[in-house]
Amino acid sequence: MTSDMPFDLTVRNGRISTDTETFEADIGIKDGVIVAIEKNLSPGREDIDAAGRWVLPGGIDSHVHVEQLSGMGVMCADDFHSATVSAVFGGTTTIIPFAAQHRGMKIPEVIADYAKLAREKAVIDYGFHLILANPDETALTVDLPEAIRNGITSLKVYMTYDKLKLDDYQLLDVLELADREGALVMLHAENHDMIRWLAQRLIERGLKAPKFHGVAHDPLAETEATFRAVSLSRLLDVPVLIVHVAGQETVKVIRDARALGAQVHAESCPQYLFLTADDLDQPGLEGAKFCCSPPPRDGASQEAVWEGLKDGTLGVFSSDHAPYRFDKTGKLPKGEQTGFKDMANGVPGIELRMPLLFSEGVMTGRISIEQFVALTSTNHARMYGLAPKKGTIAIGADADLALWNPARETTVTWSMLHDNVGYTPYEGRTLRGWPEVVLSRGRVVVKDNTLNAERGSGRYVPRGKPEPMQRKAAGTSQGALSAWTKGMTA
Ligand code: URP
Ligand code: ZN
Ligand code: ZN
């Protein structure tokens, strides 16, 4: 960049961190892209003084539910406007929500519907995963290959929920397809029949308060299903990603599988670091605000999740933002009579995901700033085919940046957030550090606690091949069927 080509925007005097290094430099931006990273840049047409600020890649939240019908058929409280506004105020500049197929729905129509909603409302960039409820012949041979070619390079499948659950045979079909087409399979791993059986016994005994959600979703349901998912992945030598890991035994199953060389990746979320089963045990129905699946566990599991995030067993930290209001539309469909089986599962977290981890991870010294960047941004970009344009601060990358003030203390109240949920599970917590200025493709979208972005100004980002699926091209995978047929002759 020469002096006769002024930058559109410069961010100067900040302390920059990527997933591997921290250094002081200025950043020059042109046409939404980072074009210079060096000391003593001349100010651009617009200039931001980042002295005293940590300049980090904007977050990527790769697990959010937006304007989506849940597995129980309940509509989320956030649309693509409120969800993306909330995301960006919390330092996130890209989201990957779900285009959710329910049985009977055609995949191309599902994708077109979500694409329209997001196109009209999103203020930051986005991609989609597909939730796959019906892996029939058309899906496996026509619709999914087409969706993957169009940049939807990851699929979420469920091992529980009546309306979404796939059996093991179907999961193997999906893994084979994913391997062939280069998509990553995300698994919601809980044993459906364990939960169903326990829930039925609890309800027969009149035990239907929110805290019994945690009892029905016993940790063994998560551990068993995770072990099974790992086994299916190993059988065909196809990568998987286990979403929203909650329990300490599950972390161990994943760590052990990875030590054996299994292509198993995993995610955890704020609710498994900062909430426990005790939060579900509150007067009346208040505990419903903390009911998600899997549910938060205990202190030992919180510690195991921290360890997993630190040692790389859990590579991505997402919100699993599943926003449901504390009323008839979400958590309380039967009013005061609502039992744990009736209420929508999920907790909000899109805005607080990064501030919570920054405060309780980085500011306490539990994780390094580089680990924070990896867990909240860079690893998501690599895992889901957004790298190298997203998830880092490098020449040629999109200028998606968050300027964090590490000195700012904020006491969380729902009224300061921008979602449409009406409560936050983190009410009253005091957090250190906040992303005060946020840029999306070089646009200053948040500054002085004010939003400056039009509805629909976010862009769809077609995703490339997820890094775990690139290993095949690199010749390190045996591939689904060859792994299984190895050494066989007629
Ligand atoms: O309870 C949760 N996690 N609800 C959201 C849907 C899902 O399974 O991720
Ligand atoms: Zn799930
Ligand atoms: Zn989810």
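Numbers for residues simply follow the sequence, beginning at 1. Numbering of ligands and ligand atoms starts at 1, following listing order.
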Distance check below 2.8 Å: does Val243 bring an N, O or S atom to the Zn ion (ligand 2)?
no

Please report which non-hydrogen protein atom sits nearest to [atom], along with the residue it belongs to and the distance in Å to one decimal place.
atom: atom 8 (O) of ligand 1; value: His188 ND1, 2.9 Å
atom: atom 6 (C) of ligand 1; value: His65 NE2, 3.4 Å
atom: atom 4 (N) of ligand 1; value: Asn345 O, 3.1 Å

Per-atom contacts of ligand 1 with [X], taking only distances under 4.0 Å to non-hydrogen atoms:
X: Cys292; answer: 1 (O)
X: His63; answer: 9 (O)
X: Asp320; answer: 2 (C), 3 (N), 5 (C), 9 (O)

Taking 2.8 Å as the cut-off, does His65 contribute an N, O or S atom near the Zn ion (ligand 3), distance below it?
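Short answer: yes, at least one N, O or S atom is under the cut-off.
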
Has His244 got an N, O or S atom lying less than 2.8 Å from the Zn ion (ligand 3)?
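Short answer: no, not a single N, O or S atom is under the cut-off.
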
So Phe372 and Phe358, ring-ring contact (aromatic ring centres under 6.0 Å, His included) or not? Walk me through it.
CA-CA 7 Å; Phe372 175 81; Phe358 190 93; 5.4 Å; yes

Taking the six-membered ring of Phe340 as reference, does the NZ or CZ atom of Lys211 fall below 6.0 Å from its centre and within a 45° cone about the axis?
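Output no; distance or angle outside limits.
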
When you measure from the centre of the six-membered ring of Phe326, is the NZ or CZ of Lys289 under 6.0 Å away and within 45° of the axis?
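Checked: cation-pi criterion met.
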
Student check: side-chain heavy atoms of [X] and [Y] closer than 4.5 Å:
X: Thr84; Y: Lys121; answer: no
X: Asp61; Y: Ile96; answer: no
X: Thr160; Y: Lys165; answer: no

Taking Asp168 first and then Arg228, would you say they form a salt bridge - that is, a charged N and a carboxylate O separated by under 4.0 Å?
yes

How is the N/O/S atom of Asp320 that comes nearest to the Zn ion (ligand 3) named?
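That would be atom OD1.
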
With carbon and hydrogen excluded and only N/O/S kept, which atom of His188 is nearest the Zn ion (ligand 2)?
ND1

Under the ring-ring contact (aromatic ring centres under 6.0 Å, His included) rule, collect the residues that match up with His217, sequence neighbours excluded.
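His217 satisfies ring-ring contact (aromatic ring centres under 6.0 Å, His included) with His213 once adjacent residues are dropped.
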
Please state which part of Ala322 comes within less than 4.0 Å of ligand 1, counting heavy atoms only: side chain, backbone, both or neither.
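The side chain, only.
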
Check each heavy atom of Lys156 against ligand 1 and say whether those closer than 4.0 Å belong to the side chain, the backbone, both or neither.
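The answer is the side chain.
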
Closest heavy-atom approach to atom 2 (C) of ligand 1 among Pro294, Ser293, Pro295 is made by Ser293

Residue from Ser86, Pro348, Ser82 passing side chain to side chain contact (heavy atoms under 4.5 Å, CB included) with Val421
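Of Ser86, Pro348, Ser82, side chain to side chain contact (heavy atoms under 4.5 Å, CB included) with Val421 is met by Pro348 alone.
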
